[in-house]
Asker: 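Starting off with a structure, shown below.
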Protein chains: 2
Amino acid sequence: MDDHQRCPRFEKAMEILSKRWTALIIFQLLPGPQRFARIENSLQNLSGKVLSDRLKELELEGIVKRDVYPETPVRIEYRLTDKGKALAPLFDSISNWSGEWIQLSQ
Amino acid sequence: MDDHQRCPRFEKAMEILSKRWTALIIFQLLPGPQRFARIENSLQNLSGKVLSDRLKELELEGIVKRDVYPETPVRIEYRLTDKGKALAPLFDSISNWSGEWIQLSQ
DNA sequence: ATATATAGTTACTTTATGTAACTGGGATTA
DNA sequence: TAATCCCAGTTACATAAAGTAACTATATAT
């Protein structure tokens, strides 16, 4: 009945991952690098402003890398680092759980 | 390079789990049933208002059960249902990831 | 009647997010 | 030489969500 002992690493992970949109952005990038507008259009209701904020946070955390290709017009791609890719099992867990427990109404 | 095909069950799961505080509340209940004030005090910055909202949502989703013991004063306990307990592997994933990838700055 | 305990709720403030229009650099077109 | 287009964001403003502290309701004990 005691609390979990709270591991500071775990707390930090939860702090990162439980921010709105963050997990979905990571999930969106799992298949490969994508550009700003692509991510924005893929995630319904995600505003450019918040996407911009989240990508910066994820870059700071070392989860996402921003690649600049000086073509014309410039092309910028966001991709997961190894740290980011290592989150794949998390999404597997969610996928397994939802497959077993989520009922679709209708 | 294509998007993941978006499974509606997965989307629903993300919708539930990515709301602020929701995952932490579930995690907090993993070891066993707890009362309102206990949960509130365990999670820094979680207000009673939001806790109340979240517990109602989680009850509606069938993830949490509210048990009333008509003692005096009344005792009310919140506990995970089987659906809720089935989320344990998700927290294992996060724990594994954070153990491997999160650096504590000092 | 007053005080204590639990489990919330309410009114109000602050923060986070959504919207739509705008910026800036560099081609391309008229 | 503008005027236009593309991309990758940013800005000002409006709305929604979350935090704070005081309050409600019920029941018992003093």
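Since this is a predicted model, take the numbers as computed values, not measurements.
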Asker: What pairs with A:K65 under side-chain contact (heavy atoms from CB on, under 4.5 Å), at least two apart in sequence or on another chain?
Answerer: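 Listed in chain order: A:D67, A:R79, A:T81.
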Asker: Over its full length, what angle do the end axes of the helix from C:dA1-D:dT30 to C:dA30-D:dT1 make, each axis taken from five pairs and the result rounded to 10 degrees?
Answerer: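 Comparing the first five pairs with the last five, the axes sit 30° apart.
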Asker: Could you list the residues that satisfy ring pair (Phe, Tyr, Trp, His ring centres under 6.0 Å) with B:Y78, not counting sequence neighbours?
Answerer: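 Ring pair (Phe, Tyr, Trp, His ring centres under 6.0 Å) check on B:Y78 returns nothing, list empty.
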Asker: What is the distance, rounded to the nearest whole Å, between atom CG of A:N41 and atom P of D:dC6?
Answerer: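 For the pair A:N41 CG and D:dC6 P, the rounded distance is 14 Å.
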Asker: Output all residues satisfying side-chain hydrogen bond (donor to acceptor under 3.5 Å, both in side chains) with A:Q103, sequence neighbours left out; order by chain, then residue number.
Answerer: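 A:Q103 satisfies side-chain hydrogen bond (donor to acceptor under 3.5 Å, both in side chains) with no residue once adjacent residues are dropped.
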Asker: Do A:Q34 and A:E77 have side-chain heavy atoms sitting under 4.5 Å apart?
Answerer: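 Result no, sub-4.5 Å side-chain heavy-atom pair not found.
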Asker: Please produce a list of atom pairs where a protein N or O lies less than 3.5 Å from an N or O of nucleotides 11-17 of chain C.
Answerer:
{"residue": "C:dT17", "atom": "OP1", "partner": "A:R54", "partner atom": "NH2", "Å": "2.8"}
{"residue": "C:dT17", "atom": "OP2", "partner": "A:R54", "partner atom": "NH2", "Å": "2.9"}
{"residue": "C:dT17", "atom": "O3'", "partner": "A:R20", "partner atom": "NH2", "Å": "3.4"}
{"residue": "C:dT17", "atom": "O4", "partner": "A:K49", "partner atom": "NZ", "Å": "3.4"}

Asker: If the condition is side-chain hydrogen bond (donor to acceptor under 3.5 Å, both in side chains), which residues does B:S18 pass it with, not counting sequence neighbours?
Answerer: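 Residues passing side-chain hydrogen bond (donor to acceptor under 3.5 Å, both in side chains) with B:S18: none at all.
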Asker: Is there a side-chain contact between B:S52 and the phosphate of C:dT9, meaning an N or O under 4.0 Å from OP1 or OP2?
Answerer: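 So the side-chain polar atoms of B:S52 do come within 4.0 Å of the phosphate oxygens OP1 or OP2 of C:dT9, strictly under.
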Asker: Starting at atom CZ of A:R38, determine the distance to atom P of D:dC7, rounded to an integer number of angstrom.
Answerer: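 Roughly 14 Å, once rounded to whole Å.
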Asker: Go through the structure and list residues passing side-chain contact (heavy atoms from CB on, under 4.5 Å) with A:S95, not counting sequence neighbours.
Answerer: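 For A:S95 the side-chain contact (heavy atoms from CB on, under 4.5 Å) partners, ignoring immediate neighbours, are B:F10.
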Asker: Applying side-chain contact (heavy atoms from CB on, under 4.5 Å), can you list everything that pairs with A:Q44, at least two apart in sequence or on another chain?
Answerer: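 Here no residue qualifies.
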Asker: Grab the CG-P distance between A:D67 and D:dA8 for me, whole Å please.
Answerer: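 Nearest whole value for this atom pair: 12 Å.
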Asker: What is the separation between atom CD on A:E71 and atom P on D:dC5, rounded to the nearest whole Å?
Answerer: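 Rounded to the whole Å, the gap is 22 Å.
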Asker: What is the separation between atom CG on B:L46 and atom C1' on D:dA18, rounded to the nearest whole Å?
Answerer: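 It works out to 10 Å between those atoms.
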Asker: Would you please name every residue forming a ring pair (Phe, Tyr, Trp, His ring centres under 6.0 Å) with A:F36, sequence neighbours left out?
Answerer: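 Expected list: none.
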Asker: With sequence neighbours excluded, what pairs up with B:I26 under the side-chain contact (heavy atoms from CB on, under 4.5 Å) test?
Answerer: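 Listed in chain order: B:L17, B:T22, B:L58, B:I63, B:L80, B:L87, B:F91.
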Asker: In the structure I gave you, are the side-chain heavy atoms of A:R9 and B:L104 within less than 4.5 Å of one another anywhere?
Answerer: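 In short, these two side chains touch, coming nearer than 4.5 Å.
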Asker: Check nucleotides 1-7 of chain C for protein N or O atoms closer than 3.5 Å to its own N or O atoms and list the pairs.
Answerer:
{"residue": "C:dT6", "atom": "O3'", "partner": "B:R35", "partner atom": "NH2", "Å": "3.3"}
{"residue": "C:dT6", "atom": "O3'", "partner": "B:V74", "partner atom": "O", "Å": "3.2"}
{"residue": "C:dA7", "atom": "OP1", "partner": "B:R35", "partner atom": "NE", "Å": "3.3"}
{"residue": "C:dA7", "atom": "OP1", "partner": "B:I76", "partner atom": "N", "Å": "2.7"}
{"residue": "C:dA7", "atom": "OP1", "partner": "B:I76", "partner atom": "O", "Å": "3.3"}

Asker: Please tabulate, for side-chain N and O atoms in residues 45-56 of chain A, each donor-acceptor pair with protein atoms closer than 3.5 Å (sequence neighbours left out).
Answerer:
{"residue": "A:S47", "atom": "OG", "partner": "A:V50", "partner atom": "N", "Å": "3.3"}
{"residue": "A:R54", "atom": "NE", "partner": "A:R20", "partner atom": "O", "Å": "2.8"}
{"residue": "A:R54", "atom": "NH2", "partner": "A:R20", "partner atom": "O", "Å": "3.3"}

